[in-house]
Amino acid sequence: MKIIKPAINVTADHAVVWQDKRLFLLDQRVLPDTEQFIELHTAEETAAAIAEMVVRGAPAIGVTAAYGVVLAAREAFDKSGSEWKQAIEPLLQILEQARPTAVNLSWAIDKMRSYIKALDSKTPEAFLTEKAIVIHQEDIAANRAIGDYGASLIEQDSGIITHCNAGALATGGYGTALGVVRSVHKQGKLKQVFADETRPWLQGARLTAWELVRDNIPVILLADGAAASRMAAGGVDWVVVGSDRIAGNGDVANKIGTFHLILAAKYHGINVMVAAPTSTVDMSLASGNDIPIEERDPQELLACGNKRIAAEGVPAWNPVFDVTPASLVDAIVTEKGIVLEPDAEKMQKHMA
Ligand code: MRU
């Protein structure tokens, strides 16, 4: 991995950049203090960048993995020539195992695998690059459609609370939950965004705030524990969040803390929208109980930056996603439209 200081004016739409046959990721570990890109040369480096959160957010992980497959094809072809299709498979598996919860990762790799299967050309790189770019472009188009569908549900002068970062940084561009926010803002209907800080990686404080402040969208930061009080005080009409995987019955996995945010919303009679592309829906899983939940290093909780903040000797539990039952969700919004009060039957129909 090589660190590159940007020669461009960096925006949230630069989370994943493919340029001159090279893959660059905006390093989300160090935003907002430092703007730097990491250049990746191999599938192994791409998998490590995903695991280490250089890039994060389900759709952005999927887009990155698609480009990672191009790097894998280059490696496999350089090493094994006409035998490249056998040589690439272990590299795809390394990519697939980078993070377990966001299904967009295996969705993108499976898509690229199907192109590899169908390919008889002896030079795979150009063809697979084209396909990865299509996956990237389609994600942006999906987010714009999600934004508009989502905005159609939201009333004039609404307050929206969001969790983690489901913005341009977390996707190919525009964002899912923040795509809805952007569309609501464009339509002049947005009063205020409240962004949960999102312990322990602080995606809300570091990334959502960075994106929205830059776009002059009104945003106020909240400690995660302040969300229920904010709802009680008024001014919150909707919870709008993204997702890492939606099960076949509409149960939603998203960043840890989403479940209790939604429980608080239900108590206060506040609407709940989950905004995600269909690449996040995993119809092979009957319910959220089957979604693999990533547990990360307890150190992420015990320290802040490089400074230990917890008492010496205390252990920590660090699951980084939770599952909200479909029964607590008012609307799932994808690029195909809106599923109100989602359940297995409605999800089946929506995805058909
Ligand atoms: O651990 P992260 O930062 O990858 O988690 C990201 C989230 O939970 C997002 O809310 C989700 O991926 C939706 S992104 C459009």
Side-chain angles (χ1 to χ4, degrees), residues 12-13 15-16 25-31 49-65 98-108 136 139-140 142-147 150 160-182 195-208 210-211 224 239-246 252-259 261-262 272-282 288 291-297 300-301 318-324 329 332-335:
D13 283 326
V16 187
L25 299 177
L26 181 58
D27 190 347
Q28 298 192 34
R29 299 167 304 179
V30 294
L31 281 175
I50 292 171
E52 290 162 21
M53 313 269 286
V54 173
V55 66
R56 31 65 50 202
I61 290 171
V63 169
T64 302
R99 286 189 81 188
T101 303
V103 74
N104 307 62
L105 175 62
S106 53
W107 173 88
H136 192 166
D139 184 64
I140 299 170
N143 294 335
R144 289 189 180 276
I146 289 167
I160 294 176
I161 188 164
T162 191
H163 191 67
C164 193
N165 171 265
L169 288 169
T171 63
Y174 200 67
T176 54
L178 294 193
V180 174
V181 163
R182 286 193 164 91
D196 282 355
E197 65 172 349
T198 319
R199 279 277 293 151
W201 267 82
L202 303 176
Q203 290 95 331
R206 296 188 303 106
L207 308 176
T208 296
W210 184 77
E211 278 195 33
D224 295 338
V239 168
V240 182
V241 291
S243 175
D244 294 84
R245 195 183 300 224
I246 298 172
V252 171
N254 192 46
K255 178 53 56 193
I256 192 79
T258 302
F259 184 22
L261 179 69
I262 290 178
V272 174
M273 184 192 303
V274 175
T278 51
S279 54
T280 299
V281 181
D282 185 350
I291 297 176
I293 299 296
E294 178 181 11
E295 286 189 27
R296 293 183 66 91
D297 188 343
E300 293 179 354
L301 265 186
N318 188 23
V320 298
F321 299 101
D322 59 26
V323 175
T324 301
V329 174
I332 290 177
V333 179
T334 77
E335 75 278 17

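Order of appearance sets the numbers: ligands from 1, and atoms from 1 within every ligand. What you see below is based on every heavy atom in this structure, not just the backbone, and it leaves out hydrogens, waters and symmetry mates.
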Ligand 1 to R99 polar contact by distance, N or O atoms, under 3.5 Å: yes
Run the numbers for me: atoms of ligand 1, each under 4.0 Å from some heavy atom of K255, listed by number. 1 (O), 2 (P), 5 (O), 8 (O)
Enumerate the atoms of ligand 1 whose separation from the nearest heavy atom of A170 is less than 4.0 angstrom. 14 (S), 15 (C)
Check for me whether F321 has a heavy atom closer than 4.0 Å to any atom of ligand 1. yes
Compute the minimum heavy-atom distance from S243 to ligand 1 and say whether it is under 4.0 Å. yes
Give the numbers and elements of all ligand 1 atoms closer than 4.0 Å to a heavy atom of Q203. 1 (O), 2 (P), 3 (O)
For the residue pair N165 and T208, confirm or rule out a side-chain donor-acceptor distance under 3.5 Å. yes
Testing V241, V333, I146 one by one against V180 for a side-chain contact (heavy atoms from CB on, under 4.5 Å), which residue passes? I146
Distance under 4.0 Å to a non-hydrogen atom of A166: what atoms of ligand 1 satisfy this? 14 (S), 15 (C)
Could you check whether any side-chain N or O of R182 sits under 3.5 Å from a backbone N or O of Y174, counting only pairs where one atom can act as donor and the other as acceptor? yes
Taking R245 first and then D282, would you say they form a salt bridge - that is, a charged N and a carboxylate O separated by under 4.0 Å? yes
If you define the side chain from C-beta out and look only at heavy atoms, does anything of L31 sit under 4.5 Å from L169? yes
Go through the side-chain N and O atoms of N143 and T176 and say whether any donor and acceptor fall under 3.5 Å apart. no
Check whether any side-chain heavy atom of K255 lies under 4.5 Å from a side-chain heavy atom of V320, and answer yes or no. yes
Identify the protein heavy atom lying closest to atom 10 (O) of ligand 1, giving its residue, its atom name and the separation to 0.1 Å. N254 OD1, 2.7 Å
Just how far is it from atom CZ of F321 to atom CD1 of I293, taken to the nearest 0.5 Å? 7.5 Å
Protein heavy atom at shortest distance from atom 15 (C) of ligand 1: T176 OG1, 3.0 Å
Closer than 4.0 angstrom: is that true for some heavy atom of M53 and an atom of ligand 1? yes
Output yes when the distance from some N or O of ligand 1 to some N or O of T171 is under 3.5 Å, and no in every other case. no
For A58, the ligand 1 atoms with a heavy-atom partner under 4.0 Å come out as 12 (O), 14 (S)
Would G57 count as a polar contact of ligand 1, with the cut-off being nitrogen or oxygen pairs under 3.5 Å? yes
Looking at D196 and T198, would you say the former's side chain and the latter's main chain have a donor-acceptor pair under 3.5 Å? no
Does D244 reach ligand 1 with a nitrogen or oxygen that is under 3.5 Å from one of the ligand's nitrogen or oxygen atoms? yes
